[in-house]
Amino acid sequence: MQQPFHLGWFLGNSFGVHGWNQQWGGTSARDWSLPDLHIDLARSLERACFDFLLMEDSVFVPDNYGASMEFYLARALRAPKNDPLPLVPLIAQATTHLGIVPTISTSFYPPYLLARLMATLDLMSKGRVGCNFVTSTAARAAQNFGLDAHIEHDTRYEMAEEFVDLVTQLWASWDADAVVMEGDVFTDHTKVRPIDFKGHFFTSRGPLNTARPPQGRPVLVQAGSSPQGRHFASRDMDCVIAAYSTVPDMKAFRADMRERVAARGRDPDGCKILFVASPTLGETTAEAQDRHARKQAHRAAAAEVTLAGMASLTDIDFSTFDLDAPIAELTTNGQQGTLRHFLKQGATLREIARNYRYGVDDLVGSPDHVAGQMADMMQEVGGDGFMFTGPLTRRYVAEIADGLVPALQKRGVVRTAYAHPQFRDNLLEF
Ligand SMILES: Cc1cc2nc3c(=O)[nH]c(=O)nc-3n(C[C@H](O)[C@H](O)[C@H](O)COP(=O)(O)O)c2cc1C
């Protein structure tokens, strides 16, 4: 009997514009700033017993392609985009078990504010939130927060580790049994303590002025893939998400992460590793193959969209490069692991744009066929699950939640019911 695996949904472009100029987009582009599409998504994921919904975020309008904001704004790529945090309580109200993971920048968020905000959300949702920690990667983002240039890549991760140290201590500044509500006493003051945190980057006295989060601390998630990103993730994270497109790359990442987690004195099974996947489904395998071929042809014809997307993640203006010249090694202060994965996919930029796979992209077929492919892949990789991602339309969500997941459930490889009320307990269940 195969060990079951976990399912998450990685919502790229988060609370931005979805479905604009796309078939099956319905009214979601016009209604982009309303929460309805996200709430529908969350309800579908819960019906399919997903562990969690992760909402990406970024805090800048890109101008990395052609030194102008035009490419991005004209196509609604990355802007406009609302802050995803206000969606969290709305989704929590609309669901009962789904984990909800907004993205937080450790480079720009004041740690005390973040600790209080996440504790509040964990209390409001009775223990169902998590936090995707990113260091933010764009110079433009840094400039929105008063810096001339972004903090150096590895230093950002040192800050991130200290940030997590501090917020974790703030969450623990109230004992679990501090609120007693006995006689005249609401809170036992002996169970609430200052933390007097004095780090290299951050200082905070504490304690938090709200109570301890029900999970002790929200579920901690991270997606860095450089050696520094992996090192950061290994100390505290409950879950690491990664975008690789081949089984050997997935296996190598998993083995490396588990080694790093063990080297920190932790049980490697305490840190779940989930891989990004975008299946293409059809009622028959032939129909799915046809859809996949059209998707690939579309990508090959729209090289600029791929290159502009990568430009905004790496601060490299690919519009200035010869698309057919051999591509040299490039360096970035942005997303280093992502750039490395991108450059591996061809000899020239045109070839890379044509071939580019963000995650596991070649799962193609009927729901039952893809469920078999995914089960086999997880068996080979060793765990711990997948993060679906793709163009957010209600049609695509239904294909995954109401087509593919029931096929996975039939095979017994994903859960059919939640065993626990809280997010971390479900994540660590198997
Ligand atoms: C699935 C996934 C989701 C991510 N979500 C975000 C995000 O919401 N915001 C962000 O700034 N970076 C995001 N990243 C980027 C990572 O935080 C990280 O910068 C990137 O993977 C490169 O790793 P490195 O910085 O360690 O080189 C994401 C990466 C992956 C693979």
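Residue numbers run from 1 in the order of the sequence given. Counting starts at 1 for both ligands and their atoms, following the listed order.
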A.B. asks: Under 30°, 30 to 60°, or over 60°: which ring-plane class applies to Tyr396 and Trp9, parallel, tilted or perpendicular?
C.D. replies: perpendicular

A.B. asks: Please report which non-hydrogen protein atom sits nearest to atom 23 (O) of ligand 1, along with the residue it belongs to and the distance in Å to one decimal place.
C.D. replies: Ser225 N, 3.1 Å

A.B. asks: Run the ring-centre check on His150 versus Phe145 and record whether the distance is less than 6.0 Å.
C.D. replies: no

A.B. asks: Quick one: which ligand 1 atoms are inside 4.0 Å of a heavy atom on Tyr157?
C.D. replies: 23 (O), 24 (P), 25 (O), 26 (O)

A.B. asks: Going by an N to O cut-off under 4.0 Å, is there a salt bridge joining Arg266 and Asp236?
C.D. replies: no

A.B. asks: Should Ala223 be counted as touching ligand 1, given the test is an N or O pair under 3.5 Å?
C.D. replies: yes

A.B. asks: Before signing off on this row, confirm whether Asp57 and ligand 1 have an N or O atom pair separated by under 3.5 Å.
C.D. replies: yes

A.B. asks: For atom 22 (C) of ligand 1, what is the nearest protein heavy atom, given as residue, atom name and distance?
C.D. replies: Thr338 OG1, 3.5 Å

A.B. asks: Cation over ring, Arg75 on Phe71, under 6.0 Å and within 45°?
C.D. replies: yes

A.B. asks: Checking side-chain hydrogen bond (donor to acceptor under 3.5 Å, both in side chains) against Ser136, which of Ser107, Ser58, Ser105 comes through?
C.D. replies: Ser105

A.B. asks: Identify which one of Thr348, Asp322, Ile352 satisfies the side-chain contact (heavy atoms from CB on, under 4.5 Å) criterion when paired with Ile327.
C.D. replies: Ile352

A.B. asks: Counting heavy atoms only, name the option from Phe10, Phe60, Tyr358 that's nearest to atom 31 (C) of ligand 1.
C.D. replies: Tyr358

A.B. asks: By number and element, which atoms of ligand 1 are closer than 4.0 Å to a non-hydrogen atom of Thr103?
C.D. replies: 7 (C), 8 (O), 9 (N)

A.B. asks: What do you reckon, does Ser58 put a non-hydrogen atom under 4.0 Å from ligand 1?
C.D. replies: no

A.B. asks: Backbone or side chain, does any N or O of Thr137 fall under 3.5 Å from an N or O of ligand 1?
C.D. replies: no

A.B. asks: Please list the nearest protein heavy atom to atom 6 (C) of ligand 1 with its residue and the distance rounded to 0.1 Å.
C.D. replies: Val134 CG1, 3.8 Å

A.B. asks: Applying a heavy-atom cut-off of 4.0 Å, say which part of Gln222 lies close to ligand 1: side chain, backbone, both or neither.
C.D. replies: neither

A.B. asks: Using 0.5 Å steps for rounding, measure from the OG1 atom of Thr95 to the CD1 atom of Ile39.
C.D. replies: 9.0 Å

A.B. asks: By number and element, which atoms of ligand 1 are closer than 4.0 Å to a non-hydrogen atom of Asn132?
C.D. replies: 5 (N), 8 (O)

A.B. asks: Is Lys410 salt-bridged to Asp368, going by a charged N under 4.0 Å from an acidic O?
C.D. replies: no

A.B. asks: Run the side-chain contact (heavy atoms from CB on, under 4.5 Å) test on Met377 and Phe275 for me, step by step, so that the C-alpha distance in whole Å, both residues' side-chain angles and the decisive distance to 0.1 Å come before the verdict.
C.D. replies: CA-CA 11 Å; Met377 185 175 268; Phe275 294 98; over 6 Å; no

A.B. asks: Considering only NZ, NE, NH1 and NH2 on the basic side and carboxylate oxygens on the acidic side, decide whether Lys81 and Glu56 come within less than 4.0 Å.
C.D. replies: yes

A.B. asks: Are Phe202 and Phe197 near enough that their ring centres are under 6.0 Å apart?
C.D. replies: no

A.B. asks: Could you find the nearest protein heavy atom to atom 27 (O) of ligand 1 and give me its residue, atom name and distance?
C.D. replies: Gly337 N, 2.8 Å

A.B. asks: Say whether Gln336, considering both its backbone and side-chain N or O atoms, lies within less than 3.5 Å of an N or O atom on ligand 1.
C.D. replies: yes

A.B. asks: Which one of Gln335, Arg340, Met387, His341 has a non-hydrogen atom at the shortest distance from atom 15 (C) of ligand 1?
C.D. replies: Gln335

A.B. asks: Kindly give the heavy-atom pair with the smallest separation between Met378 and Asp384, and that separation in Å.
C.D. replies: SD-N, 3.8 Å

A.B. asks: Look only at interatomic distance and state if Ile241 has a nitrogen or oxygen under 3.5 Å from any nitrogen or oxygen of ligand 1.
C.D. replies: no

A.B. asks: I want to know whether Phe342 and Tyr356 have ring centres closer than 6.0 Å.
C.D. replies: yes

A.B. asks: Give a yes/no verdict on whether any heavy atom in Gln228 is under 4.0 Å from an atom of ligand 1.
C.D. replies: no

A.B. asks: At a 4.0 Å cut-off, with the gap strictly under it, does some heavy atom of Phe275 reach an atom of ligand 1?
C.D. replies: no

A.B. asks: I'd like to check whether Glu56 has a polar contact with ligand 1, where a contact means an N/O of the residue lying under 3.5 Å from an N/O of the ligand.
C.D. replies: no

A.B. asks: What atoms of ligand 1 come closer than 4.0 angstrom to any heavy atom of Val276?
C.D. replies: 1 (C)

A.B. asks: Yes or no: does Phe133 have any heavy atom under 4.0 Å from an atom of ligand 1?
C.D. replies: no

